[in-house]
Amino acid sequence: MKPFSDFRSDTVTRPTEEMRRAMMEAEVGDDVLGDDPTVQKLEELAASIMGKEAGLFVPSGTMGNSIAVKMWTRELEEVIVEEKSHIYNMESTHLTFISRVTPRPLPSRRGAMDPELVRRHVRLPSVHTPRTSLICLENTHNNWGGAVLPLENFVAIRKIADEFGLKVHLDGARIFNASQASGVPVKEYAKYCDSVMFCLSKGLSSPVGSMLVSDRLTIDYARRLRKALGGGLRQVGVLAACGLISLTKMVDRLKDDHTRARRLAQAIYDLPGITLNPEEVETNIIIFYFNHPRLSIPELVNRLKEKGVLCLAVFGGVRLVTHKDVDDEDVDRAIRAFREILAT
Ligand code: TLP
């Protein structure tokens, strides 16, 4: 048996054999000078899958989101974000640090902000207040346990954005998980957004990389911002080669991750201390709240680790993520470990 079954994140996925071969064989050039053919192929493919004019390869999802916020905003402006969103909570404050805008966090129902609430929080130009310029959405929603945002929410938010002349950016780190779970094509979600960031390096198993897509002029500007942030890379076709495999070969299998997450959730939701609705596990992320008379959250995480099961403590709870590198045996091992620790 392997030493650990690693449920900490889908970011831990290792590149496939095919990716390793593709890295060896990739045709490369200097991408900062604009002549890496493999990167160009990936950027074109990403844009066409999302129904946008152009794409940009970026080293990380955080850099993609940072560039997106920067390209749609100026100082003295405000950005509407969902209160548990990754952009607001987990990207080292780039809204204030890089873009120098104020975030306006709003509550939601499992990641979907009420359009009327959004409308009430749009600030019109005034000498006193920041002007709202951008709304950020996240699908799937990480801190809401991989929740899928309903398409109607995109439609309603777009309507408000158009009413007030705002831009909409989608943190679609796991947009392919959303699409696999809902049956809604990724293009359909993207249609209601001015830009989309999505990750190659999570469930899609590339070692590094995310994509930012939008219209051509905006991506030209994003390319300059990427350089300014130190994200201009040279013979990066070796990584883009993996990205091409992510997009062409790794999407369909995401539904297996969803099935495993649901099975794990169904097996542990009623153990003492755990608050979890397995019906709400829609994709590959399980987050449960934990309140136990004898065990704290860090103690539970440690006890699981002693039994070879890795997971993360988050927001008053525990997170487990399924992905390519955990199979049914890993899920069985996790179920056994939870039962041994909690079912006394
Ligand atoms: N999320 C990571 C960590 O930050 C916790 C994870 O393990 O889930 N948007 C969303 C919704 C994300 O979940 C993440 C990464 C990002 C953006 C940022 O991507 P990276 O890690 O490539 O900067």
Side-chain angles (χ1 to χ4, degrees), residues 6-15 46 56-70 79 81-95 97-98 103 105 108 110-113 136-149 169-179 181 186 189-190 193 195-213 225-226 229-231 233 236 239-240 242-243 246 254 257 261 281-287 301 310-326:
D6 195 345
F7 292 91
R8 287 173 304 167
S9 181
D10 45 11
T11 59
V12 305
T13 42
R14 303 256 176 7
L56 183 71
F57 181 86
V58 285
S60 69
T62 301
M63 189 184 284
N65 283 334
S66 307
I67 291 172
V69 174
K70 185 73 190 156
V79 176
V81 288
E82 195 277 336
E83 66 182 358
K84 293 216 259 180
S85 64
H86 200 275
I87 284 189
Y88 178 52
N89 293 282
M90 298 168 89
E91 297 184 4
S92 303
T93 71
H94 66 73
L95 277 99
F97 176 59
I98 296 174
S108 72
R110 292 179 49 70
M113 294 179 283
C136 293
L137 304 178
E138 183 176 323
N139 196 22
T140 64
H141 198 298
N142 185 344
N143 287 325
W144 278 101
V148 179
L149 260 61
H169 170 65
L170 172 61
D171 174 351
R174 298 184 179 84
I175 190 66
F176 289 95
N177 293 84
S179 171
V186 289
Y189 291 119
C193 306
S195 56
V196 181
M197 185 287 293
F198 66 92
C199 294
L200 303 165
S201 64
K202 301 202 162 54
L204 300 184
S205 303
S206 275
V208 177
S210 294
M211 304 303 302
L212 180 63
V213 298
L225 290 170
R226 182 186 69 175
L229 293 174
L233 305 173
V236 72
L239 296 177
C242 297
S246 286
L254 293 175
D257 300 341
V281 176
E282 297 174 77
T283 58
N284 67 329
I285 301 179
I286 302 170
I287 293 181
V301 171
L310 301 182
C311 55
L312 287 180
V314 289
F315 279 116
V318 174
R319 186 181 81 155
L320 295 115
V321 184
T322 53
H323 51 78
K324 169 180 75 62
D325 296 342
V326 288

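Counting convention: from 1, in listed order, for ligands and their atoms alike. Owing to the predicted nature of the structure, the values given are computational and were not obtained by experimental measurement.
- Distances between N or O atoms of Asp10 and those of ligand 1 include no value under 3.5 Å.
- The proximity of Ile87 to ligand 1, defined as any non-hydrogen pair under 4.0 Å, does not occur for either the backbone or the side chain.
- For the pair Arg319 (side chain) and Ala313 (backbone), a donor-acceptor distance under 3.5 Å is absent.
- On a distance-only criterion, His86 and ligand 1 share at least one N/O pair closer than 3.5 Å.
- No N or O atom of Met197 sits closer than 3.5 Å to an N or O atom of ligand 1.
- The shortest heavy-atom distance from Met63 to ligand 1 is not under 4.0 Å.
- A donor-acceptor pair is defined here as one N or O able to donate and one able to accept, closer than 3.5 Å; no such pair exists between the side chain of Ser179 and the backbone of Ile175.
- Qualifying salt bridge (Lys or Arg N to Asp or Glu O under 4.0 Å) partners for Glu91, counting only residues two or more places apart in sequence or in other chains: none.
- Here Arg14 pairs with nothing under the salt bridge (Lys or Arg N to Asp or Glu O under 4.0 Å) rule; sequence neighbours left out.
- For Asn139 (side chain) and Leu149 (main-chain N/O), a donor-acceptor pair under 3.5 Å exists by modelled atom type.
- Screening His169, Lys70, His94 against Asn65 for a side chain to side chain donor-acceptor pair (under 3.5 Å) leaves a single residue, His169.
- An N or O contact shorter than 3.5 Å links Asn142 to ligand 1 by distance.
- For ligand 1, the atoms lying closer than 4.0 Å to a non-hydrogen atom of Asn65 are 17 (C).
- Side-chain polar atoms of Asn143 and Asn89 form no donor-acceptor pair below 3.5 angstrom.
- Annotation for ligand 1: atoms under 4.0 Å from non-hydrogen atoms of Arg319 are 6 (C), 7 (O), 8 (O).
- With respect to atom 22 (O) of ligand 1, the closest heavy atom belonging to the protein is Gly61 N, 2.8 Å.
- In this structure, Ser246 contributes its side chain and Leu204 its backbone to a donor-acceptor pair below 3.5 Å.
- Considering backbone and side-chain atoms together, Glu138 places no N or O closer than 3.5 Å to any N or O of ligand 1.
- With Thr13 contributing its side chain and Lys202 its backbone, the two residues share a donor-acceptor pair below 3.5 Å.
- At a heavy-atom cutoff of 4.0 Å, ligand 1 is contacted by no atom of His141, backbone or side chain.
- Heavy-atom contacts of Thr62 reach the following atoms of ligand 1: 18 (C), 19 (O), 20 (P), 23 (O) (cutoff under 4.0 Å).
- The N/O atoms of Ser9, backbone and side chain alike, include one that comes under 3.5 Å of an N/O atom in ligand 1.
- For the pair Arg226 (side chain) and Pro59 (backbone), a donor-acceptor distance under 3.5 Å is absent.
- Within the 4.0 Å heavy-atom criterion, both parts of Ser60, backbone and side chain, lie near ligand 1.
- The closest approach between a heavy atom of Arg174 and any atom of ligand 1 is below 4.0 Å.
- In this structure, atom 5 (C) of ligand 1 lies nearest to the protein heavy atom Met90 CE, 3.5 Å.
- Judged by the shortest distance from any of its heavy atoms, Lys202 lies inside the 4.0 Å radius around the atoms of ligand 1.
- No donor-acceptor contact under 3.5 angstrom links the side chains of His86 and Glu138, judged on distance only.
- Ranking the protein heavy atoms by distance from atom 9 (N) of ligand 1 puts Asp171 OD2, 2.7 Å first.
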